[in-house]
Amino acid sequence: MNLDELVKIEIEKAIEVIFPVKVEEKDIQIQPTRKDFRGSHTLVCFPLTRFSKKSPEDTAVLIGDYLVENTGFIKSYNVLKGFLNLEVSDDVWVKQLQNFSTVISENKEGAKEEIMVEYSSPNTNKPLHLGHLRNIFLGWSVSKILAYTGMDVHKVQIINDRGIHICKSMVAWKRYGEGVNPEDSHIKGDKLVGEFYVKFDKVYKEQIAQLIAKGVSKERAEQEAEIMQEAKAMLLKWEAKDPETLELWKTMNSWVYLGFEQTYNRMGVTFDKLYYESETYLLGKDIVMQGLNSGVFYQKEDGSIWVDLSEEGLDHKLLLRSDGTSVYMTQDLGTAVLRFRDFPGITGQVYTVGNEQEYHFRVLFLILKKIGYKWAEHCYHLSYGMVDLPSGKMKSREGTVVDADELMEEVVQKAKEATAELGKIDSMSEEEAEALYELMGLGALKYYLLKVDPKKRMLFNPEESVDLQGNTGPFIQYTHSRISSLLRKAGDDQIPEPAALLAYDLEDVEREIIIKLLEFGKKVEEAKNLYSPSIIAQYVYDLAKEYNKLWQNVMILKESDDNKRGVRLYLSNKVAEVIRVCLDLLGIGAPERM
RNA sequence: GGUUCCGUAGCUCAAUUGGAUAGAGCAACUGCCUUCUAAGCAGUAGGUUACAGGUUCGAUUCCUGUCGGAAUCACCA
């Protein structure tokens, strides 16, 4: 049994003995003691005054006295303004340290719960950018967290590989590309294709301007611009499976995939299965027809099919056009069902998609539920806020995007410069140094994007780049490498077996660290329930910060008392372990030296 | 216009989901390398939590209104 539960039981016992009336569960509020006060567990006594008929302070004293007298492990207490702060004796803390483990998924027996996590979802007409980075790191980290708590996670991405926007790059390449390809030009495939997408837009705008100059209205100009006509014609050809068009499409997409692969590799993320929109965009019609037949949907006179969501406080939503073709919602319905066929074991899906699509997913899940898919209740839109630049929103067509590859390179370079400046590389081999820059740079970037609550929009200033000091990934990595260094010096045999640890009067810092360590399981659980890596990030930062305090103020290796040194080494080792696990959950590596 | 979300230190973010004196980092300023890595530690300064009401022992958190910002509401994806 863990300490929190033990304290709770004792408090409940105390209350039962002291108060004549039965106290409701919800009125027993135990929370971690705030930093500035002594103690580890705090009972909020205000709600109890209803039962005790005494002041909060008197109530607290009654309970405190009882606990100190009867539990044997609560050393003392203090009362401030109706808050009862309990101090647990040090031998209990040492015992807690002995029993502490980072393993939390104990339900190894029985089938694991299966879940699908979708993230990334790129378009094949342009390279990945900062927004994708948040999406990808988030999706990856959430997958890790779910898996850590014992779930079987299938990571997938849906690739937006068709449609008018893809045809735009194709048209521009055909017209202006002069046969250029990634191999000969030495331009990364996704970047090359992206250039043609931009080129298309440029020409398109020019043509619109010319038409407007001739007196054509803006709307008509946008429709009639000759290059846009060509793109539309190409989309029709593509849909008609014209061999030449398909060939070009396949070729250009393959360039993009090679480029993406490099980018994903550097990010350190993988997928278990890829879905292509070109293979799913026609799905979903049968589902819509089923819904129509069963009366869940309705058909208008022009033949279009709709669903009425006004009871749920939403609008009527189109599901199939009057000409019988699909809309976005149609294919998402189809894809959702397809995935449950591909992975019959999964109980739910997590969609990592920006918050501008919140409405879409609300509707999607509602419709799935209406048609009768029970798993719809376990579908979750992992919605995250946009990453803003100081200049405002990123617009790919206006060239204000922060490119993913460039940004990763930049932070790695920054790590390199900072390391050189501190003269830390002298003892490292070239390979080790390069690997370190990579770990640090990406660690800094990932931590930066993950430490913020996913739901909130966040700001990124490319001018200032990513910090390496303070509340950052490298700070945590540094703490880890410090401990690694310490343990190397000590030698493995110096770390005692848990059973050998003896209690002593702990330093405040030591106790604080143990308390922090014990929060690990709770934090992971919380991060899992809220789909929020930021909870892990915040937690591991606090732990590292606390450990650095110990490092700076208390001798570890040079401690003359064998038992104290043993306990501190054991504690250090555990802190390093938790840091490793937490960083791994964030997709960040933990260097042995830096 | 309807709906949803957001507004916390100069800047970027926290705040145990209604708890104590609202915390960290960056930037500024002061100290600390002759003891395990100073990418660190200790400290100073910085706040009417957008504003006005309400609910109660207690509000950054819940409710109402105002102001400011964002997203969304397509036979687009």
Side-chain angles (χ1 to χ4, degrees), chain A residues 29 31-37 42 44-47 49-50 55-56 80-83 85 123 160 162-165 277 281 300 302-306 313-315 317-323 325-329 331-332 354-360 362-363 383 385-386 388 390 392-393 415 418-419 421-422 424 440 444 448 451-453 455-461 464 467-472 474-479 481-490 519 522-523 526 530 534-535 538 541-542 544-545 548-559 568-569 572 593-594:
Chain A
Q29 294 176 24
Q31 47 195 248
T33 303
R34 279 186 70 111
K35 254 323 199 9
D36 336 323
F37 306 101
T42 294
V44 186
C45 293
F46 300 99
T49 54
R50 276 196 294 140
S55 74
L80 270 124
K81 291 187 170 180
F83 292 87
N85 301 322
N123 290 342
N160 235 299
R162 64 161 285 281
I164 189 75
H165 50 293
E277 206 190 290
Y281 81 110
K300 284 191 181 174
D302 63 5
S304 58
I305 298 178
W306 298 72
L314 303 172
D315 284 331
K317 188 85 190 171
L318 176 80
L319 299 177
L320 211 58
R321 294 192 187 105
S322 50
D323 63 6
T325 56
S326 302
V327 290
Y328 184 37
M329 187 59 74
Q331 59 169 289
D332 261 15
N355 63 6
E356 75 267 17
Q357 293 202 37
E358 264 167 17
Y359 182 81
H360 172 76
R362 253 177 86 192
V363 172
S383 167
M386 296 290 103
D388 284 324
K393 200 179 168 180
T419 307
E421 222 168 89
L422 291 169
K424 298 239 179 191
M440 274 181 70
Y448 183 88
K451 75 171 175 187
V452 181
D453 182 347
K455 290 197 286 292
K456 296 196 173 172
R457 64 186 306 141
M458 64 184 293
L459 194 117
F460 178 82
N461 190 346
E464 293 173 6
D467 271 315
L468 305 175
Q469 281 160 8
N471 189 353
T472 66
F475 170 89
I476 298 157
Q477 292 174 319
Y478 179 65
T479 309
S481 60
R482 265 181 160 180
I483 299 175
S484 301
S485 160
L486 184 77
L487 297 177
R488 269 196 305 274
K489 287 210 167 105
E519 286 174 13
K522 208 170 67 187
K523 292 291 179 183
E526 205 180 327
L530 298 174
S534 68
I535 289 167
Q538 211 67 42
Y541 171 70
D542 287 342
K545 181 114 184 102
N548 279 326
K549 217 179 279 182
L550 175 82
W551 179 281
Q552 211 82 29
N553 299 312
V554 179
M555 283 301 113
I556 301 172
L557 210 49
K558 305 206 165 159
E559 168 62 47
R568 284 170 194 166
L569 281 170
S572 301
R593 66 177 88 215
M594 65 187 270

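Here is how names work: the chains are called A, B, and so on, in the same order as the sequence lines, proteins then strands, and each is numbered from 1.
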Side chain of S485(A) - closest among rC75(B), rU37(B), rU17(B): rU37(B)
Distance-only side-chain donor-acceptor flag, T42(A) / N85(A), under 3.5 Å: yes
Glycosidic conformation of rC33(B), taking syn as within 90° of 0 and anti otherwise: syn
Within-4.5 Å side-chain heavy-atom neighbours: Q29(A) and P47(A): yes
Sugar-phosphate only, base, or nothing, as touched by F37(A) at under 4.0 Å among non-hydrogen atoms: base
Pair F83(A) + F37(A): ring centers closer than 6.0 Å: no
Touch class at under 4.0 angstrom, heavy-atom based, for P47(A) against every strand present: base
Ring geometry between F475(A) and Y541(A) (parallel below 30°, tilted from 30 to 60°, perpendicular above 60°): tilted
Proximity to the side chain of Q469(A) - top-ranked nucleotide from rC75(B), rC36(B), rC26(B): rC26(B)
Quiz item: S534(A) side-chain donor-acceptor pair to rA14(B) base, under 3.5 Å: no
Aromatic ring of F83(A) stacked on base six-ring of rA20(B), 5.5 Å, 30°: yes
ring centroid sep under 5.5 Å plus plane angle under 30, Y478(A) with rG40(B): no
